[in-house]
Student: 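Shown below is the structure under consideration.
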Amino acid sequence: MVKQKKERKIAMATIKLARSTSCSRCINYAEPRATVKSGLNCDVDYAKTQMKATRMIYGKDDKVQAHTLIQSFKPGEVTPEQAK
């Protein structure tokens with residue numbers, strides 16, 4: 001008797017890492033494209049305001065303001081919850 005292996009498909013995301021000198025620009029780019037919005041220690045509805053206040057408190061309103069990670073999948077490859 002020969003055992004057959006079950007074929008398992010693995011999702012292959014395209015991932016882009018970058019840094020930006022404008023946190024607001026990153027949010028403006030991502031907001032209309034996002035299928036799921038969530039934040040860690042940040043209310044997504046007030047993210048721009050919260051991040052600007054934090055930059056002003058620490059005097060970091062120049063140079064790199066944000067690091068971005070963009071995950072892209074083929075349509076139907078994964079659900080938004082699986083991609084988290």
Side-chain angles (χ1 to χ4, degrees):
M1 181 176 225
V2 177
K3 281 188 174 182
Q4 291 183 343
K5 290 183 180 179
K6 288 186 179 180
E7 195 173 305
R8 212 170 97 188
K9 289 188 176 183
I10 298 173
M12 292 297 288
T14 298
I15 299 173
K16 179 182 176 184
L17 298 169
R19 60 182 173 211
S20 175
T21 56
S22 174
C23 189
S24 292
R25 226 176 320 176
C26 291
I27 293 171
N28 290 341
Y29 172 84
E31 209 166 19
R33 293 165 175 80
T35 54
V36 174
K37 296 178 186 180
S38 64
L40 179 62
N41 300 325
C42 183
D43 184 340
V44 295
D45 294 326
Y46 301 101
K48 282 193 248 184
T49 305
Q50 290 174 336
M51 290 180 188
K52 183 174 182 175
T54 302
R55 286 194 316 270
M56 293 299 153
I57 289 169
Y58 292 100
K60 298 287 186 180
D61 204 31
D62 61 348
K63 299 184 183 176
V64 176
Q65 292 183 4
H67 294 272
T68 59
L69 184 140
I70 300 170
Q71 282 183 295
S72 301
F73 295 92
K74 292 179 186 174
E77 190 172 19
V78 295
T79 65
E81 291 74 28
Q82 290 171 323
K84 274 187 165 182

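Numbering starts at 1 and runs along the sequence shown.
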Student: Which residues, ordered by chain and number, are linked to Leu40 in its hydrophobic cluster, where ILVMFWY side chains connect at heavy-atom gaps below 4.5 Å, directly or through other members?
Tutor: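 Besides Leu40, the cluster holds no residue at all.
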Student: side-chain hydrogen bond (donor to acceptor under 3.5 Å, both in side chains): which pairs involve residues 29-40, sequence neighbours left out?
Tutor: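 Not a single pair qualifies under side-chain hydrogen bond (donor to acceptor under 3.5 Å, both in side chains).
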Student: Can you list the residues that meet the salt bridge (Lys or Arg N to Asp or Glu O under 4.0 Å) rule with Arg19, with sequence neighbours excluded?
Tutor: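 Expected list: none.
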Student: Side-chain heavy atoms under 4.5 Å apart, restricted to Ile/Leu/Val/Met/Phe/Trp/Tyr: what other residues fall into the cluster of Leu17, or is it alone?
Tutor: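 Its cluster partners, ordered by chain and number, are Ile15, Leu69.
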Student: Taking salt bridge (charged side-chain N to carboxylate O under 4.0 Å, His left out) as the cut-off, I'd like each qualifying pair that reaches into residues 59-75, sequence neighbours left out, listed once.
Tutor: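 Qualifying pairs: Arg55-Asp61.
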Student: Taking distance alone, no hydrogens or angles, what donor-acceptor pairs closer than 3.5 Å link side-chain atoms of residues 41-51 to residues at least two apart or in another chain?
Tutor:
{"unit_1": "Asp43", "atom_1": "OD1", "unit_2": "Asp45", "atom_2": "N", "d": "3.1"}
{"unit_1": "Lys48", "atom_1": "NZ", "unit_2": "Asn28", "atom_2": "OD1", "d": "2.5"}
{"unit_1": "Gln50", "atom_1": "OE1", "unit_2": "Asp43", "atom_2": "N", "d": "3.3"}

